[in-house]
Structures are given as C-alpha cells and as structure tokens.
Amino acid sequence: MTSGTDRSRSRPRSRLLPRLLLRLLPDTTPWRSSRDFRLTWASGTVTLLGSVFTMTAIPLQIADLTGSPLAVGAVGAVELVPTVLFGLYGGVLADRADRRTVALAAEIALAALSALLLANALLGTPAVWPLYLAAGLAAAIQGLQQPSVEAMVPRLVPPDQLVAAGALLSLRWSIGGVAAPAAAGLLIATAGVPAAYLVDLGTFLLSIALLARVRPVPSERDAEAPPLREFAAGARYVARRPDLLGTYLADLAATAFALPTALFPFLAEELDATWALGLLYSASAAGSLVAAATGGWAERVHRHGRLVLLSAALVGAATGAAAFAPGLWAVLLCLAVAGGGHWIGDTFRGAIWNQSIPDELRGRAAGLELMIGSAGPALGDLRAGGLAARQGIRAALRTGGLLCLGGSTVLAAALPALWRYDQREHRPDAAPEPAR
C-alpha cells in the first residue's frame, strides 16, 4: 500500500517527463505570432515538396531516353554554374529590391518551367534538350530567389524568435528530404514521369497563392554602385568579421569533407544491400528530422559559435565512424547522426547570420552562403569519388571524416571570435559598419 507521502513524491516525477518532452519540441512561436512567416514557411514547404518530384523525374527521364550514366551526371554540371553566378547577383538583388517581389516572380518563372517539362513529357517522343535547359534555368532562377527568401526572415519575426524560426525552416528541409523522394519514386513508378511534373506544377500554383498574400518587404537602402562592386563590399564585410567568416568555413568543411552522397551506390554494393540505396540517401535527412523534432533546446543556447564548430566536429566524427561500421544498420545510424549534426550547424549558422548581419547586407551574405553551399557538395563528391577510386570506399569515408573533424578543430583555434560568439552580445545594430 502506498502512503500519502509516497504519492505526493511520485506526482512531481510523473509530471517531469512530459515537461522535459515539451521542452524538446520545436518552438512554434514564429508560426503563431507572424502571419507573414507562416505564409512564407508554408509556401516554401509546398515548393520544396513539389520540386523533389521534378528533381527525381529529370534524371530518371534522361536515363530512360539516353541510357547513359554520363548524360545523367551532366545535370549536376549544368546546374552548378548558374546557381553560383546567379546566386551572387541574387544576393545583390535582395539588398536592392523588394524581397517578396523577387521571391514571387521566381516562383512564377519556376512554375512556367514545370509546365514546359510537363508538355515535353507528354510528347510521343520527348526531347532531351528541354530537360537540360529546364535544369539550368531552374538553377539560375533559384539562385536569384534564395537570397531574397533567406533575407526576408529577420524582417518577418522579432529578434528573439530568430533561432526558433531557423529551426522551423530546417524542419521543413528535413521533412522534404525524408518523405518527398519516396513519394516521388512511388508516383513515377505507378503513374509515369508526367505525373511528377504535374504535381510540381500544382504545388507551384499553391505556393504562388500563399506567397502573394505576404506583405511587401522592400529594401531599406538605395543602391548606386555596380552589382559587382556591391557584392565585393559584402564579401569584405564578411572577411572583416572572423566569427562570421568561420561559419562559412565550418559549413564548407562539413559539406566538402563529410557529405559522401557520391559514394552511396558503391557503399550499398559493398554492403551487399543494393536494395537499401534509398535508405542511405535518406538517412541523413532522417537524422535531421529527428534533431529538428526535438530541437526545442536550441532557443535556450546562447553560445551559437560553439555549436557551429561542435556540430561540424560531430558530422566529421559520425562520417568517420561510418567507415568502421560493420553492417548496413550501423552505417545508417552513423549517417543519421551526421544528419543531426548538419541540422545543428545549419540552425545556429542561420541564427548568427540573421542576428548579427545588418539588413542592408543580408542579401549579399546569403548569396555568398549559396555559393559556398553549392560548391561544397560538388567539391565533396569530386574528392570522395577520386579518393574512393584509388583507395576504396571506406578510406574515402574515413579520410573525409577526419578532415572535417580536424578542420573544425583548426577553426576553433584559429578563429577564437567564433568560439566565443554569444548571441546576447550581437545584434545587427551592434555589428561593424558595412564596408563602403
């Protein structure tokens, strides 16, 4: 029989676990408090889910029409250069024009490309060249759009909600990375490639309707200098801030050294589990999703710079551990842990950028981030593929993980300003003056 004293002691314990779980759940305050953030988040989520269908369909259609792995691989080369070049100009544009207008115009242009792909797929004999044309144009349009979308967020939510807003944006990417590829593959297998383009077109129309309801986000400055000079001014500003520069370098270390997606087909074969290739691709996104779903703790952390560096070290350690994992499920667990590390790094990098970069420079800073974010995975695929060809899959994983872990350690020692970064001491109005 339990005494009254024992019952009184058990009640607080019984309530403790639910309270702890609630503290881990993502903070949804930005959704509730900002109508424009809610609309922007929903628009971006819909666009992301639909775009995955097209990203899945284009390589499959090229493979079906040409039968050439080289032709499929050329899609990445077609996309990389427009993403970088137009991303740089997109950063300048985001600091000159109304950011909502830029994002909306880009959505309309992307919807037109989806209609082009759908029309081509419905032909008796679809042509190959429209697929490359659409891939290149879509990369250019997204390069113009993404800096404006990222620079909008600090104007839509108050400063004390920026970390929560960043976590919700990361959650969107995680959901898309886990659910959308499987759904796209199932739809294409059952209804064909045209159905995938039709879904993408429908999601763009819905996204346009949502984004059109967002209030304008006009630029707060008058631009007079040529675009190249303006971008150079933004790059000089980043270079003058070691803490900010370190966030870009940490991202580059994680993506160039510890994002081994190019190895997955060969790793699946080595593990005698070619049926699990899709699991290898989605493991990182699954880890990000778990981290995002339990990321309520992020808003209570103030040392954002340390989390950026520690997350890069976690990604490197988990990737290196995958080289020694004995079987498929152990490899998947390591990749999921690395995905969680990527989520932590993305969340706190975004918080540093949004909290400490002046509004008139946010677009150009986002353009620089887009350039690094595009170059890092491409360089990582090249590094991993070349090393695997000479020394084997496991060696490529091990070396990449060690380089990422070592790189984050070097950054912590070389850039103490990033390690000491405390968000309570940094606000846009306290940041250094922009380079002129």
Side-chain angles (χ1 to χ4, degrees), residues 34 36-37 39-41 43-44 47-48 51 82-110 137-157 159 162 165-166 169 172-173 207-208 210-212 214-239 241 244-245 247-248 251 346 349-375 428-429 431 433-436:
S34 173
D36 286 340
F37 177 79
L39 289 169
T40 303
W41 188 94
S43 171
T47 293
L48 172 64
S51 297
T83 299
V84 173
L85 294 181
F86 285 86
L88 296 180
Y89 182 70
V92 175
L93 187 64
D95 289 334
R96 287 184 169 191
D98 185 299
R99 292 165 182 170
R100 194 286 307 259
T101 301
V102 173
L104 183 59
E107 289 290 284
I108 294 172
L110 290 170
L137 289 177
I141 295 168
Q142 289 166 348
L144 292 173
Q145 180 192 48
Q146 187 169 329
S148 290
V149 172
E150 292 186 5
M152 281 173 62
V153 175
R155 300 274 294 275
L156 303 180
V157 298
L162 286 172
L169 292 172
R172 176 180 73 189
W173 287 99
S207 174
I208 290 168
L210 291 169
L211 198 55
V214 176
R215 284 184 288 269
V217 186
S219 171
E220 296 182 345
R221 59 187 286 272
D222 295 324
E224 298 178 355
L228 187 59
R229 187 180 301 174
E230 287 206 19
F231 178 80
R236 286 195 298 272
Y237 171 79
V238 171
R241 285 189 51 191
L244 191 59
L245 178 63
T247 64
Y248 290 95
D251 184 26
D346 290 343
R349 271 192 300 273
I352 291 174
W353 296 336
N354 289 333
Q355 290 172 335
S356 68
I357 298 176
D359 184 76
E360 66 269 18
L361 284 166
R362 284 197 182 113
R364 281 166 283 177
L368 183 60
E369 186 272 333
L370 178 61
M371 180 183 71
I372 293 174
S374 301
D429 54 4
E433 288 294 322
R436 298 186 182 279

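These figures come from a predicted structure and were not determined experimentally.
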(request) Without swapping roles, check the side chain of Asp95 against the backbone of Arg364 for a donor-acceptor pair under 3.5 Å. (result) yes
(message) Donor-acceptor check, side chain of Ser43 to backbone of Leu39, threshold 3.5 angstrom: yes or no?
(response) no
May I have the list of side-chain donor-acceptor pairs in residues 141-149 shorter than 3.5 Å, sequence neighbours left out?
residue: Gln145; atom: NE2; partner: Ala103; partner atom: O; Å: 3.1
residue: Gln145; atom: NE2; partner: Glu107; partner atom: OE2; Å: 2.9
residue: Gln146; atom: NE2; partner: Glu150; partner atom: OE2; Å: 2.9

(request) State, yes or no, whether a side-chain contact exists between Thr40 and Leu210 at a heavy-atom distance under 4.5 Å. (result) no
(message) My understanding is that only residues two or more places apart in sequence, or in another chain, count here; which of them pass side chain to side chain contact (heavy atoms under 4.5 Å, CB included) with Leu245?
(response) Val238, Leu249
(message) Tell me whether Arg241 contacts the main-chain N or O of Ser356 through its side chain, where contact means a donor paired with an acceptor under 3.5 Å.
(response) yes
(request) Answer yes when Arg155 and Asp359 have at least one side-chain N-carboxylate O distance shorter than 4.0 Å, and no when they do not. (result) yes
(message) Is the shortest side-chain heavy-atom distance between Pro154 and Arg362 below 4.5 Å?
(response) yes
(request) Sequence neighbours left out, what passes ring pair (Phe, Tyr, Trp, His ring centres under 6.0 Å) with Tyr248? Give chain and number order. (result) Trp353
(message) According to side chain to side chain contact (heavy atoms under 4.5 Å, CB included), who are the partners of Leu169, at least two apart in sequence or on a separate chain?
(response) Phe37, Trp41, Val153, Arg172
(request) Quick one: list whatever passes side chain to side chain contact (heavy atoms under 4.5 Å, CB included) with Leu93, sequence neighbours left out. (result) Tyr89, Ala97, Val102
(request) Using salt bridge (charged side-chain N to carboxylate O under 4.0 Å, His left out) as the criterion, list what pairs up with Arg349, not counting sequence neighbours. (result) Asp251, Asp346
